[in-house]
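What follows is a short report on a single structure.
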Number of protein chains: 2
Amino acid sequence: MTTGEAHRHGPKRADMVTITDVARHAGVAVSTVSYVLSGKRSISSTTRQRVLASIDLLGYRPHAGARALASRRANVIALVLPLRTGMHLPVLMQLVTAVVTSARQVDHDVLLMTADEGPNGLRRIAASSMVDGVLVLDVEMSDARAPVLRTLERPSVLIGFPADARGLTCVDLDFHQAGARCVEHLAGLGHTRMALLGAPRVVYERDTGFAHRTRAGCLEAAVRLGRTLSAYACGESPPEVHATLATLFAQDPGMSGLVVHNEAAVTHVLAALPRFGRRVPDDVSVVAICPDQVAESANPSLSSVLIPAEDVGRQAVSLLMRKLTGGTVPDATLLVPALTVRSSSAPAPTPTHYH
Amino acid sequence: MTTGEAHRHGPKRADMVTITDVARHAGVAVSTVSYVLSGKRSISSTTRQRVLASIDLLGYRPHAGARALASRRANVIALVLPLRTGMHLPVLMQLVTAVVTSARQVDHDVLLMTADEGPNGLRRIAASSMVDGVLVLDVEMSDARAPVLRTLERPSVLIGFPADARGLTCVDLDFHQAGARCVEHLAGLGHTRMALLGAPRVVYERDTGFAHRTRAGCLEAAVRLGRTLSAYACGESPPEVHATLATLFAQDPGMSGLVVHNEAAVTHVLAALPRFGRRVPDDVSVVAICPDQVAESANPSLSSVLIPAEDVGRQAVSLLMRKLTGGTVPDATLLVPALTVRSSSAPAPTPTHYH
DNA sequence: GCGCAGCGTCGAAGCGCTTCGAATGCGACC
DNA sequence: GGTCGCATTCGAAGCGCTTCGACGCTGCGC
């Protein structure tokens with residue numbers, strides 16, 4: 001269905017209400033309407049009422065492009081998503097939702113970019129004044145986008161930490177503290193001999209920040225609390241998990257508190273423990289660092305430190321906004337992890353003799 | 001007109017290259033640069049070269065807002081995602097990626113909206129000339145957004161069919177044909193007695209289009225090919241699946257070809273069949289209508305009709321573009337389903353006697 | 001030799017909005 | 001009563017781009 005008026009000069013839509021229309025209808029100057037809307041100058045309450053009434057009546061909506069042109073602010077931020085996503089999808093979605101919602105709360109919209117346009121996409125978007133700032137999700141250690149962001153003429157915030165984060169603003173969960181929380185929880189339940197079952201060895205061998213940080217956090221907490229903790233790298237397949245557990249129990253049969261930081265392996269761990277004669281949580285307590293969904297759908301449900309997707313998204317937007325308004329922000333923002341107790345952790349058992 | 005002047009009236013960014021700069025540098029009029037870029041008037045090749053060189057040299061990028069203002073086209077489409085997503089997440093992501101990529105190919109960007117802003121969000125976006133058109137994902141039968149779209153001053157395309165699709169442009173998989181394909185596949189393998197295990201009863205009782213269409217497609221194909229097919233609604237829990245299968249085999253022990261259109265139940269079906277003494281695919285062949293991932297990760301992997309997310313996304317964008325350029329498009333676009341043969345289907349067994 | 005048709009280019013008029021400086025009106029103050 | 005200060009409001013100048021009519025030029029037909 002076409003609207004009338006197809007072939008005029010400056011394409012003139014009959015149905016578009018402009019600020020001029022509002023001004024005329026309210027009997028004020030255009031600038032007055034603008035000031036009512038932006039609040040950048042004081043307007044008498046009678047005038048304000050009148051203008052607002054006209055706006056309402058005419059159904060006026062400011063033209064985003066015109067506004068961007070005149071004010072040099074688009075009120076749009078770019079959200080860069082990877083297309084290859086190693087990330088847990090539900091968590092990603094939570095993040096995205098949180099970002100969009102938070103952005104809307106400060107009157108911004110979100111432009112979606114997939115990574116396949118690569119660095120050039122970033123430059124294009126930024127240079128065209130289409131967005132005021134950029135939010136990058138699912139950052140990798142050696143992220144090709146990181147260097148580009150540094151040279152970009154617009155502020156940006158990363159969710160996650162690349163290997164080289166200098167000069168970049170990053171947000172993520174505080175994995176060091178997450179590790180510590182897990183150990184503290186187990187220690188609080190009376191466990192004295194613990195283990196960390198972490199990511200595959202290769203992950204540690206690359207300088208993958210968050211894996212190291214988790215391990216350091218666990219070890220530090222164990223030392224601080226006077227407990228034993230040994231850390232194991234662990235593959236993701238059932239056989240590898242089984243092998244790791246075998247080694248672990250061989251070295252320390254009395255181990256009763258297990259921290260798992262390996263999303264893929266965690267269900268296999270639960271499945272394998274009974275085969276070593278350990279019931280969860282009666283003989284061994286398990287605490288995981290993983291998305292909520294994984295923790296909840298496990299059997300038994302896992303006590304865990306969650307990825308606080310909501311918070312991360314909100315924080316990221318808030319940081320970006322602060323940068324946009326010329327504020328100064330910390331380079332690194334680490335979110336305080338929260339531990340949720342579920343069915344996989346319980347007070348330490350009285351010592352048993354295993355062979 | 002002097003360019004110097006750092007602290008004039010309108011905020012002047014030193015780092016922004018405008019079309020005026022390009023024109024001056026190339027020694028032509030501003031309009032000429034514009035025409036080189038848009039190709040809307042013929043320009044001599046020498047001039048074009050010169051202009052393009054200047055653009056390149058200066059690193060010029062048109063200001064999106066200014067362009068939108070003058071041309072009344074934002075070159076942005078809105079993508080509306082639900083926040084509550086009943087949809088299979090990987091499929092959703094595929095769709096989103098496909099949409100973004102397709103849009104970029106026709107020089108459009110994508111503005112992301114979550115549904116929680118509701119109908120008002122749609123109106124806001126549309127009226128502010130921020131987007132030229134709207135793409136709505138994951139449409140429900142009784143979708144609150146549908147009526148709004150009809151009154152919107154911008155074209156829209158839905159992915160999925162609401163109950164009342166009058167006056168709306170919708171795209172989806174052709175479920176009728178999908179059902180038929182499954183039956184044809186089984187018939188081709190020599191199966192004569194088949195069954196359809198569909199969605200829960202309530203889904204049929206609401207007038208849920210795609211469930212009915214699948215069933216009709218299966219029945220029609222069975223009749224056409226001279227085979228037996230009975231359709232069963234089926235719940236999603238293991239006990240319900242077990243019960244349905246029990247009924248099914250009680251009524252027709254010789255059933256050897258099973259079509260499953262129930263994502264949630266399909267794994268339970270595979271798990272339950274052995275308990276009825278049926279091996280897959282030796283005794284019973286199973287064909288599913290489900291996302292690729294589900295089919296691939298099942299054991300045995302499922303022969304299935306996939307949701308062609310890529311195609312759907314591409315089609316949706318292409319339809320929207322056609323509407324934007326004043327073209328006329330069909331109300332309903334049904335995508336041809338493709339069946340992928342995997343390990344769950346095999347030639348019909350020689351008749352066996354079950355009790 | 002003159003008129004005419006195109007081609008290629010230019011100049012100017014906006015698109016709808018923000019923002020700055022200036023104008024207005026009013027009570028207060030000397 | 002004149003002047004100053006304050007609170008409001010107005011007018012106009014752009015923001016960077018597109019688009020339309022106009023114009024100069026060349027080559028052609030008569």
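In the text below, chain A, chain B and the rest are named by the order of the sequence lines, each starting its count at 1.
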Atom pairs and distances, side-chain donor-acceptor, residues 27-42 of chain A, under 3.5 Å, sequence neighbours left out:
{"from": "S38(A)", "atom 1": "OG", "to": "S34(A)", "atom 2": "O", "distance (Å)": "3.2"}
{"from": "S38(A)", "atom 1": "OG", "to": "K40(A)", "atom 2": "N", "distance (Å)": "3.3"}

Please set out all donor-acceptor pairs under 3.5 angstrom arising from side-chain atoms of residues 325-332 of chain A, sequence neighbours excluded.
{"from": "T325(A)", "atom 1": "OG1", "to": "M321(A)", "atom 2": "O", "distance (Å)": "3.1"}
{"from": "T325(A)", "atom 1": "OG1", "to": "R322(A)", "atom 2": "O", "distance (Å)": "3.1"}

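In this structure, Y35(B) atom OH and dG11(C) atom P are separated by 14 Å, rounded to whole Å. We find that CZ of R48(B) is positioned 13 Å from C1' of dC7(C), with the value rounded to whole Å. In this structure, R41(B) atom CZ and dG11(C) atom P are separated by 14 Å, rounded to whole Å. Between the CG atom of L37(B) and the C1' atom of dT9(C) there is a distance of 16 Å, given to the nearest Å. As rounded to whole Å, 5 Å separates atom P of dC17(C) from atom CD1 of I19(A). Look at NE2 on H63(A): it is 17 Å from P on dG16(D), rounded to the nearest Å.
Heavy-atom distances to DNA chain C give each of T46(B) and A66(B) a nearest nucleotide, and the one nearer the 5′ end belongs to T46(B).
In this model, the phosphate group of dT8(D) is not approached by any side-chain N or O of T47(A) to a distance below 4.0 Å at OP1 or OP2. Put simply, Y60(B) has a side-chain N or O that comes within less than 4.0 Å of OP1 or OP2 on dC17(D).
Heavy atoms of S31(A) sit under 4.0 angstrom from at least one base atom.
Each of dG16(D), dC15(C), dC10(D) was ranked by its minimum atom distance to the side chain of R72(B); first place goes to dC15(C).
The C1' atoms of five pairs define one axis at each end of the helix from dG1(C)-dC30(D) to dC30(C)-dG1(D), and these two axes lie 60° apart (to 10°).
H63(A) is listed as a side-chain neighbour of M16(A), based on a closest heavy-atom distance under 4.5 Å.
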